[in-house]
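One structure is given here, and the rest of the page talks about it.
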Amino acid sequence: MEKPDLKQIFSNENSYLIPSYLDFKTKQYLLKVWQEQKLSEHVFLTSSGTTSGSLIKTYALSKKALKANAQAVNDFLDVQKGDSWLCSLPYFHVGGLSIYFRAKLSSSAVYLYDQKWNPHLFLEYLANNQITYCSVVPTQLFDLVKNNLCPPIFLKGVFVGGDFLNESLKKTAIDLGWPLIQTYGMTETCSQIASSYTQDVDKNFLKVLPIHKLSCEANSKDYRISSPSLYSAQINIDPKKESYVRTDATETFLLPDLIEMKSFDDNLYIKPMGRKGDEVKIKGRLFSFLDLKNSIEQILLDLSLYQYAAVVLDHDSRQGKILVILLEKSMHSKKHDLDQQIKSVFPGLRDNIQIKLVERIKRTFLGKIKTDQ
């Protein structure tokens with residue numbers, strides 16, 4: 001994994017972070033579009049989410065906004081000069097870039113981890129470099145738990161990103177001593193909105209970082225956020241058509257997710273409940289996609305299929321929204337057992353849960369499930 005040009009990123013000039021996996025022509029067009037924007041002291045990068053077709057969702061984030069979010073995270077974690085970060089995320093997405101800003105503001109060290117994944121070697125790397133903060137995706141956490149590995153004593157926090165974290169997996173990891181940190185954030189806010197150490201989480205409510213203000217729109221479930229770490233502009237680019245559309249940010253940003261909010265001890269807490277529109281209506285009853293996913297993943301864990309499967313939403317012309325369990329073909333022999341367990345646990349929903357065999361589960365750089373399976 002490449003290391004960013006930190007001198008350039010922390011300068012007063014614009015920084016253009018183009019993903020290494022894009023083809024040369026696409027890279028050229030992205031750079032051309034970004035350089036046309038009349039903005040100064042900004043970082044231009046692509047979204048960490050998925051996009052459709054040839055459209056690439058990109059953002060302009062001011063360096064001032066990136067520093068504001070990084071400082072808020074450092075304050076939450078009480079990061080010290082002697083701490084060290086293990087960066088296993090690409091710097092050209094906000095998840096990796098934010099680590100460098102946090103380290104810069106706290107004068108702490110950053111170690112790049114670009115080795116082929118192996119849970120034992122990963123643990124050895126943490127120990128040898130006395131890492132205090134790192135990030136993993138749920139499948140990597142599963143490997144650590146499956147091998148009954150415990151963290152080194154100086155590890156202070158592990159951010160789990162990329163995808164939904166199963167409740168059972170979370171509990172097992174905590175029992176082994178892994179200091180998991182649940183977070184909720186997005187590119188539009190330069191990374192984190194809310195964070196909590198998992199063992200301190202009350203029913204998955206996360207503490208909102210003080211720099212953010214949330215408000216609920218009247219007679220709706222929509223929440224808006226105002227913050228010094230909001231993005232400056234979203235630039236949707238279509239390299240094939242050589243066209244783009246820029247949308248400048250307003251004072252507040254409408255969150256794309258369903259959340260529940262509460263106040264406690266003069267602090268604000270939120271519970272993320274998945275994307276708006278991800279609710280599944282079956283036979284007139286509305287189900288939470290995340291709740292169903294959590295239950296299905298428990299079955300996958302029990303059948304030792306967790307690392308070979310993924311649960312996604314899809315649309316069926318007859319049934320409407322359905323849940324699809326993507327199962328790697330190498331596990332074909334266990335398809336019958338999985339089908340029987342689904343029928344047993346979800347007797348009334350079986351027609352709305354399908355199992356699809358795939359060569360392998362495709363994931364993005366950040367561990368998110370790709371839509372083109």
Side-chain angles (χ1 to χ4, degrees), residues 9 12-17 30-53 55-73 75-76 92-95 97-98 101-102 183-195 206-238 241 243-263 267-278:
I9 285 177
N12 293 329
E13 301 174 355
N14 283 339
S15 300
Y16 306 102
L17 308 185
L30 251 66
L31 183 59
K32 176 181 178 294
V33 171
W34 285 346
Q35 289 178 334
E36 288 177 0
Q37 310 308 310
K38 297 186 183 304
L39 293 168
S40 59
E41 293 187 54
H42 275 70
V43 174
F44 291 81
L45 42 64
T46 58
S47 168
S48 57
T50 55
T51 54
S52 57
L55 189 69
I56 302 176
K57 188 189 296 182
T58 78
Y59 289 90
L61 308 177
S62 76
K63 295 185 179 183
K64 182 179 179 181
L66 283 160
K67 290 175 184 176
N69 193 283
Q71 188 59 57
V73 174
D75 292 342
F76 166 76
F92 45 76
H93 288 315
V94 76
L97 180 65
S98 60
F101 273 88
R102 294 169 201 163
T183 67
Y184 172 68
M186 55 194 64
T187 305
E188 290 89 345
T189 57
C190 293
S191 191
Q192 293 184 24
I193 294 174
S195 296
L206 312 179
K207 185 178 179 180
V208 177
L209 300 178
I211 61 168
H212 305 303
K213 295 187 184 301
L214 291 173
S215 59
C216 183
E217 297 196 338
N219 303 316
S220 77
K221 295 181 180 180
D222 292 332
Y223 282 84
R224 286 191 169 273
I225 182 171
S226 60
S227 169
S229 69
L230 277 183
Y231 70 108
S232 298
Q234 178 180 329
I235 310 160
N236 290 342
I237 304 175
D238 191 332
K241 296 180 180 179
S243 63
Y244 70 90
V245 176
R246 169 175 160 173
T247 305
D248 287 352
T250 57
E251 290 185 0
T252 62
F253 174 68
L254 180 64
L255 295 180
D257 302 296
L258 293 169
I259 64 170
E260 187 178 338
M261 187 167 65
K262 70 176 183 179
S263 297
N267 291 305
L268 195 62
Y269 292 81
I270 60 172
K271 178 182 179 181
M273 297 188 294
R275 288 273 167 173
K276 295 172 185 174
D278 276 2

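FYI, side chains are in, hydrogens and waters are out, and symmetry mates aren't considered; it's all heavy atoms of this structure.
Take Phe253 and apply the ring-ring contact (aromatic ring centres under 6.0 Å, His included) test, not counting sequence neighbours, and it matches Tyr231. Residues satisfying the side-chain hydrogen bond (donor to acceptor under 3.5 Å, both in side chains) criterion with Ser227, sequence neighbours excluded, are His212, Ser229.
Annotation: side chain of Ser15 is in contact with side chain of Ile9 (closest heavy-atom distance under 4.5 Å). The shortest side-chain heavy-atom distance between Met273 and Glu260 falls under the 4.5 Å cut-off. At least one side-chain heavy atom of Thr187 sits under 4.5 Å from a side-chain heavy atom of Leu45. Looking at Pro256 and Glu188, their side chains never come closer than 4.5 Å, going by heavy atoms from C-beta outward. Looking at heavy atoms from C-beta onward, Thr58 lies out of side-chain contact with Tyr244 at the 4.5 angstrom threshold. Side chains of Thr183 and Val73 form no contact here, defined as non-hydrogen atoms less than 4.5 Å apart.
Interatomic distance, OH of Tyr223 versus CE of Met261, reported as 4.5 Å (0.5 Å rounding). Here the straight-line distance linking atom NE2 of His93 with atom OG of Ser47 works out to 7.5 Å at 0.5 Å rounding. Rounding to the nearest 0.5 Å places OG of Ser226 at 8.0 Å from CG of Leu214. Distance check, rounded to the nearest 0.5 Å: CD1 of Ile235 to CD1 of Ile56 gives 12.0 Å. Atom CG of residue Leu206 and atom OH of residue Tyr269 lie 10.0 Å apart, to the nearest 0.5 angstrom. Atom CD1 of Ile225 sits about 9.5 Å away from atom OG of Ser215, to the nearest 0.5 Å.
Within the 3.5 Å criterion, the main-chain N or O of Leu255 finds a donor-acceptor partner in the side chain of Lys276. A side-chain donor-acceptor contact under 3.5 Å links Lys63 to the backbone of Glu13. Within the 3.5 Å criterion, the main-chain N or O of Val94 finds a donor-acceptor partner in the side chain of Ser98. Under a 3.5 Å cut-off, the side chain of Asp238 and the backbone N or O of Leu55 do not form any donor-acceptor pair. Listed for the Asn14 side chain is a donor-acceptor partner under 3.5 Å among the backbone atoms of Leu39.
A salt bridge links Arg246 with Asp248; the closest basic N to acidic carboxylate O contact falls under 4.0 Å.
Closest of all the heavy-atom pairs between Trp34 and Leu17 is CH2-O, 3.6 Å. Here the shortest heavy-atom pairing between Asn69 and Ile211 reads CA-CD1, 4.0 Å. Taking each heavy atom of Arg224 and Leu254 in turn, the nearest pair found is NH1-N, 3.4 Å.
Counting heavy-atom neighbours within 6.0 Å of Lys213 NZ, excluding the residue itself, gives a total of 12 or less. With a 6.0 Å radius and a threshold of 12 heavy atoms from other residues, nucleotides or ligands, Glu251 has its CD atom at or below the threshold.
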- Test log, rule side-chain contact (heavy atoms from CB on, under 4.5 Å), inputs Phe44 and Leu31: CA-CA 9 Å; Phe44 291 81; Leu31 183 59; over 6 Å; no
